[in-house]
Amino acid sequence: MLRPGTLVLSLALIPAVLGAQDASYRVVVHRSNTTSQLTRDQVSRMFLRKITQWDNRQPVLPVDQAADAPVRRNFTKQIHQRTIAAIQTWWQQQTFAGVAVAPPERLSDSDVLDYIRRYPNAIGYVRAETPLGSDFKTVTITP
């Protein structure tokens, strides 16, 4: 049986847990990238290394967040329409077959932005409220 104080504490934690699971994101590129809009499918294919070049023939360099990051869970669910575990299994198969390797992972939004700053052909995602600064721009994602 729950004590009244336990119930209040449990109810107070619900918004925090739900918020952690629903971390909104935005897809970002370096400001020098001419791309301003991509479809959900194009972004998915870029992160699965099925689209490997931008329109200017430069390599697409996707960068992921850590597997336990709420923003990655939401990105993976919305963009790939799969779970992180399903994507990781797919990457294991691709790596074992010698086809391709998974994008590098970075531990934080600022690490993702540092990667994109260093590699202007990169594409990544950060939490929606992350300040971008003048080196980056948000890519509009269409269905």
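When reading the values below, keep in mind they use all heavy atoms of this one structure, side chains included, and skip hydrogens, waters and symmetry mates.
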Undergrad: Evaluate side-chain contact (heavy atoms from CB on, under 4.5 Å) for Tyr125 paired with Val71, printing each intermediate quantity in order.
TA: CA-CA 8 Å; Tyr125 53 91; Val71 68; 4.2 Å; yes
Undergrad: Shortest non-hydrogen contact from Phe47 to Pro103?
TA: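 Between these two residues, the closest heavy atoms are O-CG, 3.4 Å.
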Undergrad: Are side-chain heavy atoms of His80 and Ser44 found at a separation under 4.5 Å?
TA: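 Yes, their side chains come closer than 4.5 Å.
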Undergrad: Grab the two heavy atoms, one from Phe136 and one from Leu132, that are nearest each other, plus how far apart they are.
TA: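 In this case the closest contact between Phe136 and Leu132 is CD1-O, 2.9 Å.
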Undergrad: List the atom of Ile87, the atom of Arg82, and the distance in Å for their closest heavy-atom pair.
TA: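 In terms of heavy atoms, the two residues are closest at CD1-CD, 3.8 Å.
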Undergrad: Taking it one step at a time, do Trp54 and Ile123 satisfy side-chain contact (heavy atoms from CB on, under 4.5 Å)?
TA: CA-CA 10 Å; Trp54 294 104; Ile123 183 170; 4.0 Å; yes
Undergrad: For a quick test of reading the model, state the closest non-hydrogen atom pair linking Phe75 to Val27 and the distance between them.
TA: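 Reported closest heavy-atom pair: CE1-CG2, 4.1 Å.
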Undergrad: Counting neighbours of CG on Asn56 that are heavy atoms of other residues, nucleotides or ligands and sit closer than 6.0 Å, is the number greater than 12?
TA: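 Buried by this count: over 12 neighbours within 6.0 Å.
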Undergrad: Taking a hydrophobic cluster as the set of Ile, Leu, Val, Met, Phe, Trp and Tyr residues connected by side-chain heavy atoms closer than 4.5 Å, whether directly or through intermediates, do Val126 and Ile79 fall within one such cluster?
TA: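 Val126 and Ile79: separate clusters.
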Undergrad: Would you check if there is a donor-acceptor pair between the side chains of Asn33 and Thr35 at a distance under 3.5 Å?
TA: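 Indeed, the side chains of Thr35 and Asn33 share at least one donor-acceptor pair under 3.5 Å.
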Undergrad: Less than 3.5 Å apart, any donor N or O on the side chain of Asp111 or Ser108 sitting next to an acceptor on the other?
TA: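 Per modelled atom types, Asp111 and Ser108 side chains form a pair under 3.5 Å.
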Undergrad: Looking at Val29 and Ile116, what are the two nearest heavy atoms and their distance?
TA: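 Nearest heavy atoms, Val29 then Ile116: C-CG2, 3.8 Å.
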Undergrad: Using a strict threshold of under 4.0 Å (side-chain N to carboxylate O), is an ion pair present between Arg106 and Asp64?
TA: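 Salt bridge absent between Asp64 and Arg106.
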Undergrad: With a 4.5 Å limit on heavy-atom distance, are the side chains of Ile84 and Arg73 in contact?
TA: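 Yes, close enough: below the 4.5 Å cut-off.
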Undergrad: Does a side-chain heavy-atom distance below 4.5 Å link Leu38 with Met46?
TA: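 Yes - at least one pair of side-chain heavy atoms lies under 4.5 Å apart.
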Undergrad: Hey, could you give me the OG1/NZ distance between Thr34 and Lys137, rounded to the nearest 0.5 Å?
TA: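 With rounding to 0.5 Å, OG1 (Thr34) is 6.5 Å from NZ (Lys137).
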Undergrad: Checking side-chain contact (heavy atoms from CB on, under 4.5 Å) for the pair Arg49/Trp91: CA distance, chi angles, key distance, verdict?
TA: CA-CA 10 Å; Arg49 298 196 193 264; Trp91 274 118; 3.7 Å; yes
Undergrad: Side-chain contact, heavy-atom cut-off 4.5 Å: Ser24 with Arg127?
TA: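 No, side chains not in contact.
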Undergrad: List the atom of Gln65, the atom of Arg72, and the distance in Å for their closest heavy-atom pair.
TA: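 Closest heavy-atom pair between Gln65 and Arg72: O-NH1, 2.9 Å.
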Undergrad: Return the CG to CD distance between Asn121 and Gln53, rounded to the nearest 0.5 Å.
TA: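 Result: 10.0 Å between the selected atoms.
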Undergrad: Report yes or no: does Asp109 contribute a side-chain atom to a donor-acceptor pair with the main-chain N or O of Thr130 at less than 3.5 Å?
TA: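 Between the backbone of Thr130 and the side chain of Asp109 there is no qualifying donor-acceptor contact (under 3.5 Å).
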Undergrad: Apply side-chain contact (heavy atoms from CB on, under 4.5 Å) to residues Ile51 and Val43 and explain how you reach the verdict.
TA: CA-CA 9 Å; Ile51 293 177; Val43 175; over 6 Å; no
Undergrad: Within the 4.5 Å heavy-atom criterion, are Ile141 and Tyr25 side-chain neighbours or not?
TA: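 When only atoms from C-beta onward are counted, Tyr25 and Ile141 do not touch, as no gap falls below 4.5 Å.
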Undergrad: Can you tell if the side chain of Thr52 reaches within under 4.5 Å of the side chain of Val60, non-hydrogen atoms only?
TA: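 A side-chain contact is absent here, since even the closest heavy-atom pair is not under 4.5 Å.
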